[in-house]
Amino acid sequence: MTDPKQLDRDYDHHGDRSGARGTTRGGFPRFVPAKVGPEYGQLLEALRTVQDLAVSTSLPAEVAEAAAGKARELIELLTPHVVAEGRQTAGRVPRLPGRGSLLLMPWIIEKIDADGVRSRGMFRRFHLGGNSAAHGGTLPLLFDDLFGLIQHAYGRPISRTAYLHIDYRKVTPLNTELIVEGAVDRVEGRKTFINARLTDLDGNLLADCEALMVQLLPGQQ
Ligand SMILES: CCCCCCCCCCCC(=O)SCCNC(=O)CCNC(=O)[C@H](O)C(C)(C)COP(=O)(O)OP(=O)(O)OC[C@H]1O[C@@H](n2cnc3c(N)ncnc32)[C@H](O)[C@@H]1OP(=O)(O)O
């Protein structure tokens, strides 16, 4: 992963992450890969299964009460280990599904270079919209994260998504291996235009997406 400071000489001057706007304290955190053992991936997979179960069960009161107690125990266990943005493990383990983040789709990056990024994975029960299809709001998350990687691998400075246009071509199934792939289409000054496609393994197009990412100016958050 390229040091973002090499791509953006203003990297340390993009607004504030202390919570208060109007002051600068170093801008975006540096994304240094985190070193973790297999237990971290196991924890995440267990938590994802809990998420799947949380949206797919109808619990008797005593089971809900017992589960709430166990969830509170887990909260107590984890709370002392909260760290500042950029120092958490989530999002900093490129080899894990969703780079080790529960927010992101649990997909694996297959290819990442200046020519583009390809990632493979499944939408699962947690991502259900209706009638066995992925929720339409989960696709922008998949595409937007891919675009962040694409513009970074292409060597663009820190940029934010100005717009993201999705055409939903076919219903996106759950629990089915899919591929999302995209690349920079063109760069015009501060603007990077990126295209991507979501397909099944037979190459059927499920959705395609075009986005504009705009390079941040010094001071922009
Ligand atoms: C692994 C490690 C990876 C690490 C990599 C980590 C990267 C982080 C990636 C995060 C990706 C996200 O999801 S970011 C989260 C979602 N996005 C946001 O929150 C962005 C919120 N919006 C903004 O902050 C702002 O609107 C900006 C920065 C996008 C643009 O504002 P600005 O800087 O004032 O720009 P402005 O002068 O208006 O426009 C510049 C040029 O872009 C054009 N432009 C601007 N917005 C639009 C638009 N919506 N549609 C068409 N064109 C537009 C203008 O016409 C102009 O073109 P011309 O006249 O020059 O031709």
Side-chain angles (χ1 to χ4, degrees), residues 1-17 19-24 26-36 40 44 83-121 136-167 180-196 198 207-221:
M1 206 177 285
T2 313
D3 181 348
K5 278 188 79 168
Q6 289 177 0
L7 306 176
D8 185 349
R9 63 195 159 92
D10 295 314
Y11 190 84
D12 287 338
H13 306 285
H14 288 306
D16 183 22
R17 63 187 146 97
R21 284 171 183 262
T23 55
T24 48
F28 283 76
R30 208 83 43 86
F31 285 95
V32 179
K35 291 191 180 71
V36 289
Y40 187 71
L44 289 187
V83 292
E85 181 186 344
R87 298 188 57 203
Q88 81 291 335
T89 311
R92 296 201 295 123
V93 193
R95 66 182 160 77
L96 284 180
R99 304 202 304 284
S101 166
L102 278 191
L103 169 68
L104 302 179
M105 293 301 141
W107 291 39
I108 294 278
I109 299 168
E110 285 192 334
K111 164 190 180 285
I112 176 164
D113 57 36
D115 292 334
V117 179
R118 184 176 63 243
S119 175
R120 179 189 289 248
T138 58
L139 272 70
L141 176 58
L142 179 72
F143 280 119
D144 193 44
D145 189 64
L146 184 83
F147 292 148
L149 294 175
I150 289 171
Q151 60 96 32
H152 179 76
Y154 192 80
R156 294 291 292 152
I158 283 286
S159 306
R160 281 202 186 273
T161 315
Y163 71 70
L164 186 155
H165 175 105
I166 295 183
D167 288 311
V180 70
E181 188 163 22
V184 170
D185 177 54
R186 65 191 188 281
V187 174
E188 295 173 5
R190 293 172 61 204
K191 301 188 287 188
T192 309
F193 295 87
I194 306 179
N195 294 324
L198 175 68
D208 49 8
C209 183
E210 189 230 334
L212 166 62
M213 303 198 68
V214 175
Q215 175 188 352
L216 296 187
L217 298 172
Q220 279 187 318
Q221 192 181 7

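As a basis for the values below, the full set of heavy atoms in this structure was taken, side chains included, without hydrogen atoms, waters or symmetry mates. For clarity, every value in this text was computed on a predicted model and none was experimentally measured. In each ligand, atom 1 is the first atom listed, and ligand 1 is the first ligand listed.
- Nearest-heavy-atom check against atom 42 (O) of ligand 1 across E188, R92, K191 picks out K191.
- Under 4.0 angstrom from ligand 1, the non-hydrogen atoms of T161 come from both its backbone and its side chain.
- Not counting sequence neighbours, K191 has no partner by the side chain to side chain donor-acceptor pair (under 3.5 Å) test.
- A donor-acceptor pair under 3.5 Å is absent between the side-chain atoms of T161 and the main chain of M213, judged by distance alone.
- Distance check, rounded to the nearest 0.5 Å: CG of L96 to CG of L44 gives 6.5 Å.
- Less than 4.0 angstrom separates some heavy atom of L212 from each of these atoms of ligand 1: 44 (N), 47 (C), 51 (C), 52 (N), 53 (C).
- The distance from the CG atom of D208 to the CD1 atom of I166 is 9.5 Å, given to the nearest 0.5 Å.
- No part of Q221 comes within 4.0 Å of ligand 1, judged by heavy-atom distances.
- Note that CG of D144 and CD1 of I194 are 9.5 Å apart. Values are rounded to the nearest 0.5 Å.
- Residue S159 has at least one heavy-atom neighbour below 4.0 Å for each of these atoms of ligand 1: 8 (C), 9 (C).
- In R190, the part holding a heavy atom less than 4.0 Å from any atom of ligand 1 is the side chain.
- For ligand 1, the polar-atom distance check finds no N/O of R99 at less than 3.5 Å from any of the ligand's N/O atoms.
- Checked against a 3.5 angstrom limit, the closest N/O atoms of R160 and ligand 1 fall outside it.
- Annotation for ligand 1: atoms under 4.0 Å from non-hydrogen atoms of Y163 are 48 (C), 50 (N), 51 (C).
- Close to ligand 1: Q151, with a non-hydrogen atom less than 4.0 angstrom away.
- Within the model, atoms CG of L216 and CD1 of I158 stand 7.0 Å from one another, a figure rounded to the nearest 0.5 Å.
- With sequence neighbours excluded, the residues that form a salt bridge (Lys or Arg N to Asp or Glu O under 4.0 Å) with D145 are R99.
- Going from atom CZ of F193 over to atom CZ of F147 covers 12.5 Å, rounded to the nearest 0.5 Å.
- Close approach to L149 involves these atoms of ligand 1, each under 4.0 Å from a residue heavy atom: 1 (C).
- Heavy-atom contacts of L216 reach the following atoms of ligand 1: 28 (C) (cutoff under 4.0 Å).
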